[in-house]
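Take a look at the structure below.
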Amino acid sequence: MRTSHNFSGGPGALPEVVIEQASEALRQAPGSDLGLLGISHRSDWFREVLDEAERNTRRLLGLSEDYAVLFLQGGGSLQFSMVPMLLLRGSATAADYVHGGYWSGKAVPEARLEGRVRLAWDGSRCGFSRLPSDDELKLAPDAAYLHYVSNETVEGLQFQRVLGREQVLRVCDMSSDFMSRPVALERYAIVYAHAQKNLGPSGVTLVIGRKALLAREPAPMPSMLSYRHHLQQRSIFNTPPVFAIYVTLLVTRWLLEDIGGLSRMDALNRQKAEALYRLIDDSEGFYRGRAELGSRSLMNVVFGLAAPELEQAFLAEALRAGLHGLPGHRSIGGIRASLYNAVSLESVHRLCEVMRDFRLRNRG
Ligand SMILES: *Cc1c(COP(=O)(O)O)cnc(C)c1O
């Protein structure tokens, strides 16, 4: 039985079996005489890795051929710029941005470098304690596009619906809940997600978008910032992050073969989050959930205790019990349990046990 449990906000936990397979591949990659870190990205071996990663992604999401799957670098943060460089630069109309939390807030100033941005919702007014209802969203029918973050990783807020109007292009940052549940991808123009929270190691970012849109590119761009270029080069323009892409491939196999697809993943994720939220809600105010009920994230459960000293005592005790990665994001403090795909129900039960025990001894 494992004695340490990983609740890190990112890079996050990866499946045990994937770690084992990746470790072996470092010495000798399956189907090759070489170790993973020394194989050329121009080899047939790596082309097949990319092709399978794309096939698996398409299968998991039920993607049509109208959509491209790109494996890029620069993290979620570079997408904050690449999206408006394609869709906002030179546009006569503004883009609508939902400012729902820390990460969507990071996207806004990058977009403003390229054109006009309107805030369809400004969650800073309520301290990012909840997400907006449809009535509260101010959406322009002629917006260049709508951008939002499906899961606000820092505050622990998650949308349980698709936002916006059908006639406006939707762009969504799904970095912290991608592949955690089924998603109607055909309703989006572009979706992006870096791998390191829910899908693999840091170094690779998946971009899934309508081929015709990505290829549209009105004016020449630097190659590395051009979706069209990466599309033409099938994600091998320059040296891609071979290791990160290989591990991401292993995770997609795990999702398909071990888990059995995204509906099954979703059911498991719900079980984990429900167990932890139930404990928080039944603690008579000892543990305090940060997000309002309708906005709670299944991926990042953010909570606090009555006083900072009590939080520190809890975190120290949790660490002694082998529970890692629980301190909240540096911008807001508190406690955050990230329950990404690879975090087991057993780990969540262990966390609940430690929380129950800590409460019994400290409720005063
Ligand atoms: C962590 C995070 C980012 C930042 O991604 P980098 O790969 O570090 O640039 C962006 N968006 C969301 C939703 C995140 O959780």
Side-chain angles (χ1 to χ4, degrees), residues 6-14 70-85 95 97-111 113 117 121 123-124 128 131 145-160 162-163 170-181 183 188 190-209 224-225 230 240-241 243-245 247-248 251 269 273 290-291 295-302 325-332 334 336-343:
N6 187 0
F7 298 96
S8 167
L14 287 173
L70 300 178
F71 297 84
L72 305 184
Q73 301 188 64
S77 298
L78 186 59
Q79 294 310 307
F80 296 163
S81 297
M82 280 178 74
V83 164
M85 285 170 100
Y97 272 66
V98 178
H99 184 196
Y102 180 88
W103 285 115
S104 50
K106 293 277 183 198
V108 170
E110 304 296 341
L113 295 174
V117 170
W121 153 263
S124 67
F128 304 118
L131 292 169
Y145 60 95
L146 166 69
H147 179 278
Y148 66 100
V149 172
S150 55
N151 181 68
E152 288 286 358
T153 324
V154 171
E155 293 84 359
L157 307 169
Q158 188 179 32
F159 284 108
Q160 306 298 341
V162 178
L163 300 189
R170 283 189 190 91
V171 180
C172 192
D173 175 359
M174 296 193 183
S175 288
S176 55
D177 65 358
F178 193 56
M179 304 269 201
S180 71
R181 56 183 177 180
V183 39
Y188 297 85
I190 300 177
V191 161
Y192 58 92
H194 61 197
Q196 72 264 27
K197 289 193 180 117
N198 213 21
L199 200 61
S202 63
V204 65
T205 299
L206 266 74
V207 174
I208 296 174
M224 279 300 279
L225 304 179
H230 290 295
F243 175 76
I245 292 172
V247 179
T248 301
V251 173
N269 285 331
R290 192 181 185 286
S295 303
R296 283 176 160 181
S297 167
L298 302 181
M299 292 280 101
N300 309 98
V301 178
V302 180
L326 286 171
H329 189 265
R330 58 197 156 84
S331 63
I332 61 169
R336 170 175 61 176
S338 296
L339 310 182
Y340 299 132
N341 286 349
V343 175

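Counting starts at 1 for both ligands and their atoms, following the listed order.
- Checking each of Trp121, Tyr145, Trp103, Phe80 against Tyr97 for a ring pair (Phe, Tyr, Trp, His ring centres under 6.0 Å) leaves exactly one that passes, namely Tyr145.
- Residue contacts with ligand 1 include Gln196, since one of its heavy atoms falls under 4.0 Å from the ligand.
- For Asn300 and Tyr340, the side-chain atoms include at least one donor-acceptor pair closer than 3.5 Å.
- By the ring-ring contact (aromatic ring centres under 6.0 Å, His included) test, Phe178 pairs with no residue at all, sequence neighbours left out.
- Contact annotation: for Glu152 versus ligand 1, there are no heavy atoms closer than 4.0 Å.
- Atom CG in Leu326 sits 10.0 Å away from atom CZ in Arg336 (nearest 0.5 Å).
- The backbone N or O of Met299 lies less than 3.5 Å from a partner atom in the side chain of Ser297, making a donor-acceptor pair.
- For atom 9 (O) of ligand 1, the closest heavy atom belonging to the protein is Ser77 OG, 2.6 Å.
- For Tyr102, no heavy-atom contact with ligand 1 is shorter than 4.0 Å.
- Short contacts between ligand 1 and Gly75, defined as distances under 4.0 Å to a heavy atom of the residue, involve ligand atoms 7 (O), 9 (O).
- In terms of protein heavy-atom proximity, atom 7 (O) of ligand 1 is closest to His194 ND1, 2.6 Å.
- The contact set between ligand 1 and Ser175, taken as ligand atoms under 4.0 Å from a residue heavy atom, comprises 11 (N), 12 (C), 13 (C), 14 (C).
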What's the verdict on side-chain hydrogen bond (donor to acceptor under 3.5 Å, both in side chains) for Asp177 and Ser150, showing C-alpha distance, side-chain angles and the deciding distance?
-> CA-CA 7 Å; Asp177 65 358; Ser150 55; 2.7 Å; yes
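- Against a heavy-atom cut-off of under 4.0 Å, Thr153 is close to the following atoms of ligand 1: 13 (C), 14 (C), 15 (O).
- The heavy atom nearest to atom 12 (C) of ligand 1, considering only Asp173, Val204, Val149, is found in Asp173.
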Could you give me the CA-CA distance, side-chain angles and deciding distance for Ser104 and Glu152, then say whether side-chain contact (heavy atoms from CB on, under 4.5 Å) is met?
-> CA-CA 8 Å; Ser104 50; Glu152 288 286 358; 2.5 Å; yes
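- At least one N or O atom of Lys197 sits closer than 3.5 Å to an N or O atom of ligand 1.
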